[in-house]
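The next block holds one structure in the form of structure tokens; read it before the comments.
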Amino acid sequence: MKKVKQIRVLKPFDLLSEELVFIILDLISPNPSDLKSFSLTCKSFYQLESKHRRSLKPLRSDYLPRILTRYRNTTDLDLTFCPRVTDYALSVVGCLSGPTLRSLDLSRSGSFSAAGLLRLALKCVNLVEIDLSNATEMRDADAAVVAEARSLERLKLGRCKMLTDMGIGCIAVGCKKLNTVSLKWCVGVGDLGVGLLAVKCKDIRTLDLSYLPITGKCLHDILKLQHLEELLLEGCFGVDDDSLKSLRHDCKSLKKLDASSCQNLTHRGLTSLLSGAGYLQRLDLSHCSSVISLDFASSLKKVSALQSIRLDGCSVTPDGLKAIGTLCNSLKEVSLSKCVSVTDEGLSSLVMKLKDLRKLDITCCRKLSRVSITQIANSCPLLVSLKMESCSLVSREAFWLIGQKCRLLEELDLTDNEIDDEGLKSISSCLSLSSLKLGICLNITDKGLSYIGMGCSNLRELDLYRSVGITDVGISTIAQGCIHLETINISYCQDITDKSLVSLSKCSLLQTFESRGCPNITSQGLAAIAVRCKRLAKVDLKKCPSINDAGLLALAHFSQNLKQINVSDTAVTEVGLLSLANIGCLQNIAVVNSSGLRPSGVAAALLGCGGLRKAKLHASLRSLLPLSLIHHLEARGCAFLWKDNTLQAELDPKYWKQQLEEMAP
Amino acid sequence: METEDDLCHNNWGSSSSKSREPGSSDGGNQTFAGFTSQQKWEDASILDYEMGVEPTLQVFDEMKASGQANVDFLQGVRAQAWDPRTMLSNLSFMEQKIHQLQDLVHLLVGRGGQLQGRQDELAAQQQQLITTDLTSIIIQLISTAGSLLPSVKHNMSTAPGPYTGQPGSALFPYAREANNVASQSQNNNNCGGQEFDLPKPVVVDERESHVVEEHEMKDEDDAEEGENLPPGSYEILQLEKEEILAPHTHFCTICGKGFKRDANLRMHMRGHGDEYKTAAALAKPNKESVPGSEPMLIKRYSCPFLGCKRNKEHKKFQPLKTILCVKNHYKRTHCDKSFTCSRCHTKKFSVIADLKTHEKHCGKNKWLCSCGTTFSRKDKLFGHIALFQGHTPAIPLEETKTSASTSAQRGSSEGGNTNQGMVGFNLGSASNANQETAQPGMTDGKISFEEPFSPMNFDTCNFGGFHEFPRLMFDDSESSFQMLIANACGFSPRNVGESVSDTSL
């Protein structure tokens, strides 16, 4: 008996197999702090956790040798938090992770060269995915090095502006297994490079060619790809009707086509582009130059299985919308954002046909009135997302219907609308609502918000920007009812005080807290949030004059996940700022017009925040900070933004909206 | 007669400028043999006289044929050097022509337009021209025409021939404007047009032919190697060096001012009197060879440089075809090459046109495949790569040099690459992989990532002041990590030694 007990004490988890521990780890892995405490429990747990973890997102590239030594099974390495990844660091990755590494993200990193990439490509023979976006200095020679990674399947080269057809040609020949390629903004790559890619890499499924100077010529080769599913041609001005005239293809695999901002593409070119794509599901024609008329809609004949269409910023006619509704009646998503010419007649005739509609975006369709909303509510009971910012002609009664009919709504954007408390009461019956935006809704009060708090317990995002009727009472009902709240914006709600913040601190999942221009909140309230909301990542306290160092000290102590903070126009001094250096993952700091900032303090704070990527400072500091320090910080990967605006007196909210409306056409 | 005909035909066929349609040679021969078309032309012209502008074009075609006949005829004369039979036929041809002319002159007299005097004069000149000895006429024609040469032109202006006295009518032919409807109508207004075609002022024609030649010769240049004109079948002209290198080619016959362009000369001529201000005078000389004219002897040119094959004293003298050929030949062969290509800075040229041609293509052959094939066009390279398996675009070495570490490393890792002539281009991936996996870093279970990454390479990479960075305040100073940094900075003697061997590979 004693013996048994002794064994138990020695190896208490012997009975627990590795597999079981891994399952447990899988379950707790969404919360990083849980994983941390697990691994700190005992040596064996530490080892198990090291063995279990597959993906890493280090905050500093300097730590790479240690963490990669610890986590030997790392397959996914995300270096987006490391602005400076040297060739040395890449070499470390290559040597330590070697064949196990499958995915590497260098999209936000710089300072590496072809030498490091070559080492990586040769060591990590199983590397399947690499993101080299924003490597604006990358040249063809470097691309030829990337081509050494023979097993590469997913490659992102967004904004590699120095690349030309030659570099892409090397990659096309070298990486035959590529199935996802993004060349967005690689403005040096033309028809030839893309064409060769299509000829050599037969497995391509997703191809992003946005903003490339390509013409229809290379599309002939691309649409011959057997497995092509997504083709993104956003802003390809060279793709015009003439070059597509002879295009005859039979690309049955194509599921998504993005031809937005293709200024030279009209319905003729589109017809030939869609001629063989009978199974197309998603089509993006945003900002196209031609009017979506009956003629234009007729080019959609071949793609009747379409599920999603985006026509943002297009001029549409009622006939065109009606024809779209008739031709593609299985549409689930329609976006008409910024289509100023949409009328009640057009939209009604469209949604009438779309019983299956799940998502509708009618942002800034200012001609729409209650008629449209009524039609939407009546004919689309399955609606999940409705974005209708600035549909200011819609009367308040219209919103009553939305709550009654569209019970499945999860996302609702009512920014700048006439909705009132009654409307909110109706909407509160959408039980699965997770995102609600009520910015600049001047008619809502605490009463309406209390309905939401009581009804929508799944709310994750609430936007009350400039909804000035809201006070602490409303916020407290929300905080009580919506415990899953992750994002809240109470900017310019001037009646909000610390009480709201204290009540919001109950929402322990809070990640984003914006309270710009709230004169009544103090460091005490902020401290309450800091203490209880451990996941806090973004804080905006601009123009909160009562916030001082005490608040920042609390943040520095408790919010170790803070990434972004704005303390412009507050009473913060360099003491508070310096304390922020304690937060390891802090990336963005904005401190403009905070009186009492001394250059030396700012310099110390900036130096202290090792992972800083963006610093927004007052322009006067530019000359006061030592130039060498600025250079040093820039070399470390921090970008500076020098602001020179003085604090403006806050306008009366009603007057503010009036001004806004005067500006609008 | 039969042989004559053939001979003439051959001569003409081989030497005439290419702007003339081959079809017209038949017409010319026909005329020469039987004068039938001549008759036709006569009829047509008279017919046309009453008609509008449209049919005149046809007439001009006919007349062109007759002009060819003239050329044929003259060449035949020169080639055969006073063969009486030819002479006889020529004379009879002339005779017939004279008769026709006489008819025409009668017609003119009968018509009596406002410019009657000038008409008569022209007709008389033409008559005079034909009735004088053929050789002297030709010589006179050529000399008065002034051909292309400024010196001859000056002679022409100083020694007034029968035509220079009447520059308004002689220098600027009306018939030349045949295709120009505007000038045609003006001609009709002035004098009833058609008559002017017959007494063709030869002077201007030669000038015009010069213009034509200048246009077409730009491409041909020295390419007439195989011309094989029998010696003596052409007139040899030799310009002086100064003339060849003179910048101007068009000279005012009155004041001698030189111009680069004929259009500028014509504009200049306006200052010499109202007769140059007519639309016809200012209009661009028609490129089409003028009908009913050009009893012109073939001219060939000799290079003034003694000992040159293009110099007429040379045993195997090869004449130059045009004045432009002379210029280009002289500059290319006997002058300094003063124009340097701004792209490659190595190629030099003495003719600016050559430089421009070169610059158009300089560096174009830069599209390189890994197999060593070069292409002047990128699409050709990509077509090549698309066609063959394993071929890959090769990045030019200059670009690779910019990232020096790349080429250095690649060079070291590809020592056994068999592909010659392709320094710094990665091909043999298989051998690479073997080499890399065979490296000690990964084999012995221990983690020694410092090893393969030698500090030497580290230095060659662009690390831009990494070492100046202070240690960040968050850094844990664990011993292993410190050691790592030390290694990376090249403090470890072992690594230094390795790096040497690495780079020397």
Side-chain angles (χ1 to χ4, degrees), chain A residues 59-60 62-63 65-66 68-69 84 86-88 91-96 98-99 111-119 122-123 125 139-145 147-148 150 165-170 172-174 190-193 195-196 199-200 221 581 584 607-608 610-611 631-632 635-636, chain B residues 367 370 378-379 381-383 385-386 389-396 399-403 405-410 413 424-426 429 432-433 435-437 441-442 447-453 457-458 460-466 468-476 478 480-481 484 488:
Chain A
L59 293 171
R60 309 275 194 286
D62 312 342
Y63 300 159
R66 275 172 60 213
L68 290 177
T69 312
R84 192 182 170 79
T86 59
D87 284 349
Y88 172 70
S91 174
V92 166
V93 171
C95 294
L96 284 177
S111 311
F112 57 88
S113 77
L117 284 178
L118 181 69
R119 196 140 282 265
L122 296 177
K123 286 285 183 186
V125 286
R139 288 173 177 278
D140 291 340
D142 310 324
V145 169
E148 293 297 314
R150 306 286 176 196
D165 291 334
M166 297 295 277
I168 296 301
C170 291
V173 174
D191 279 334
L192 293 172
L196 191 67
V199 168
K200 292 286 179 185
D221 286 329
L607 268 178
H631 286 327
H632 166 70
R636 214 167 62 174
Chain B
W367 303 111
S370 57
K378 191 158 77 166
D379 54 334
L381 166 67
F382 276 75
I385 289 164
Q389 291 290 316
H391 291 217
T392 168
I395 314 298
E399 201 189 326
T400 328
K401 268 179 195 164
T402 56
S403 49
S405 53
T406 318
S407 53
Q409 265 209 335
R410 295 176 135 213
S413 67
F425 297 125
N426 212 342
S429 57
N432 280 348
Q435 245 177 325
E436 289 294 332
T437 45
M442 290 313 293
I447 319 125
S448 55
F449 46 84
E450 312 83 78
E451 257 185 304
F453 197 88
N457 279 344
F458 194 76
T460 51
C461 304
N462 193 10
F463 276 78
F466 176 81
E468 294 97 73
F469 280 0
R471 303 301 306 147
L472 303 174
M473 61 200 304
F474 306 102
D475 277 350
D476 296 324
E478 261 190 34
S480 65
F481 191 54
L484 191 96

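Chain identifiers are assigned alphabetically (A, B, ...) following the order of the sequence lines, protein sequences preceding nucleic acid strands; residue numbering begins at 1 within each chain. Since we're looking at a predicted model, the values are computed, not measured.
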Checklist entry - What part of A:Asp221 lies closer than 4.5 angstrom to a heavy atom of chain B: side chain, backbone, both or neither? => result neither

Checklist outcome for this item: By salt bridge (Lys or Arg N to Asp or Glu O under 4.0 Å), A:Lys200 pairs with (sequence neighbours left out) none

Checklist entry - Between A:Ser91 and A:Asp87, is there a donor-acceptor pair closer than 3.5 Å when you use the side chain of the first and the backbone of the second? => result no

Checklist entry - Would you say A:Val173 and B:Pro393 make side-chain contact, with heavy atoms under 4.5 Å? => result yes

Item to check | Residue among A:Ala143, A:Gly190, A:Cys170 with most heavy-atom pairs under 4.5 Å to chain B | outcome: A:Cys170

Checklist entry - Hey, does the side chain of A:Arg636 reach the backbone of A:Arg84 with a donor-acceptor pair shorter than 3.5 angstrom? => result no

Checklist outcome for this item: Answer key: most heavy-atom pairs under 4.5 Å with chain B among A:Leu117, A:Ile168, A:Asp165, A:Asp191 is A:Asp165

